[in-house]
Amino acid sequence: VQLQAFGGGFVQPRGSARLSCGASISIFSFDVMGWYRQAPGKQRELVAHITSGGSTNYADSVKGRFTISRDNAKNTVYLQMDSLKPEDTAVYYCNANNRYVFWGQGTEVTVSS
C-alpha cells in the first residue's frame, strides 16, 4: 500500500491550501484515514481524520478552519486548510488504518509572511 501526499508549500497567514493524499488501493480498504502533522521540535499530532462512513474528527486547534474530505472514486483524501496561521507550519503526513497502519511521505506547509 502506498500513500502519496501532495499540496504543501509556502502560504501567507490567513491564506488557504489543500493537501491531497492518494492511495494505491481503494480507500474503502481503510477504516480511518487522516492527517497528522509534526512541527519542528514537537511530537507528531493528529490534525483530522475521517472514517469509511464519513464521520470526521478534528484537533481543537484546527476546528472551524480545516476540513477533511474523501473522494472514494479517486481513492483520495483531502485536507482543506483555511485561515492558516504561522503555528500551522509543519510537515503534514497522510495516514490510513485498517488492521495495519500506513503512512505517506510528509509534505511541508510553511505559513509565513
Side-chain angles (χ1 to χ4, degrees):
V1 176
Q2 289 187 327
L3 302 174
Q4 289 193 309
F6 303 94
F10 187 90
V11 186
Q12 291 191 335
R14 297 177 298 282
S16 296
R18 188 174 80 155
L19 304 182
S20 302
C21 174
S24 59
I25 63 173
S26 169
I27 60 175
F28 281 117
S29 302
F30 307 117
D31 300 317
V32 181
M33 294 189 72
W35 290 94
Y36 287 70
R37 67 185 181 187
Q38 187 166 17
K42 295 188 177 181
Q43 290 189 329
R44 192 174 296 189
E45 63 176 1
L46 174 68
V47 176
H49 74 231
I50 185 166
T51 70
S52 57
S55 298
T56 58
N57 185 53
Y58 297 92
D60 288 342
S61 59
V62 307
K63 281 181 181 176
R65 300 189 298 121
F66 290 13
T67 304
I68 189 169
S69 62
R70 55 192 288 154
D71 185 330
N72 296 325
K74 295 182 178 179
N75 294 324
T76 300
V77 172
Y78 302 98
L79 184 68
Q80 178 66 41
M81 305 184 294
D82 298 317
S83 301
L84 281 161
K85 304 175 181 179
E87 51 263 44
D88 295 318
T89 295
V91 178
Y92 285 72
Y93 297 91
C94 179
N95 167 276
N97 293 265
N98 45 31
R99 292 175 55 194
Y100 305 98
V101 179
F102 303 95
W103 290 96
Q105 89 287 6
T107 184
E108 190 166 2
V109 176
T110 302
V111 185
S112 175
S113 56

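By the 6.0 Å and 45° rule, R44 does not stack over the aromatic ring of Y36.
The distance from the SG atom of C94 to the CD atom of Q2 is 12.5 Å, given to the nearest 0.5 Å. Of the inter-residue distances, the one linking D31 atom CG with R99 atom CZ reads 11.0 Å to the nearest 0.5 angstrom. Here OG of S61 is found 9.5 Å from CG of L46. Values are rounded to the nearest 0.5 Å. Atom CG of N95 and atom SG of C21 lie 8.5 Å apart (nearest 0.5 Å). With values rounded to the nearest 0.5 angstrom, T51 atom OG1 is found 12.0 Å from N97 atom CG. Atoms OH and OG1, on Y58 and T67 in that order, are 4.5 Å from each other to the nearest 0.5 Å.
Cluster membership check: V32 does not share its hydrophobic cluster with V62, using side-chain heavy-atom separations under 4.5 Å among Ile, Leu, Val, Met, Phe, Trp and Tyr. W103 and Y100 fall into different hydrophobic clusters, defined by Ile, Leu, Val, Met, Phe, Trp and Tyr side-chain heavy atoms under 4.5 Å apart, directly or through other members. Y93 and W35 are members of different hydrophobic clusters when ILVMFWY side chains are connected at heavy-atom separations under 4.5 Å. Placement of I50 and I25 within a single hydrophobic cluster is found when ILVMFWY residues are connected by side-chain heavy-atom separations under 4.5 Å, directly or transitively.
A pairwise comparison of heavy atoms in R70 and S52 identifies NH1-CA, 3.2 Å as the closest pair. Closest heavy-atom contact between L3 and A23: CD2-CB, 3.8 Å. S83 approaches D88 most closely through the heavy-atom pair O-OD2, 4.4 Å.
Annotation for E87: atom CD counts as buried by contact number, over 12 foreign heavy atoms lying within 6.0 Å.
Residues N72 and I27 are in side-chain contact: their nearest non-hydrogen atoms beyond the backbone lie under 4.5 Å apart. For the pair V109/M81, a side-chain contact is recorded, criterion being any heavy-atom separation below 4.5 Å from C-beta on. Inter-residue side-chain proximity for M33 and I68 is flagged as unmet; no heavy-atom pair is nearer than 4.5 Å.
Here the side chain of Q105 pairs a donor or acceptor atom with the backbone of A5 at under 3.5 angstrom.
Just one residue in the list L79, T76, T107, V77 forms a side chain to side chain contact (heavy atoms under 4.5 Å, CB included) with S20, and that residue is T76.
A donor-acceptor contact under 3.5 angstrom links the side chains of S16 and D82, judged on distance only.
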Decide side chain to side chain contact (heavy atoms under 4.5 Å, CB included) for F28 and N98; before the verdict, give the C-alpha distance in whole Å, the side-chain angles of both, and the deciding distance to 0.1 Å.
CA-CA 10 Å; F28 281 117; N98 45 31; over 6 Å; no
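The pair K63-D60 meets the salt-bridge criterion, since a charged nitrogen lies less than 4.0 angstrom from a carboxylate oxygen.
Taking F30 as the reference, F102 meet the ring-ring contact (aromatic ring centres under 6.0 Å, His included) condition, with sequence neighbours excluded.
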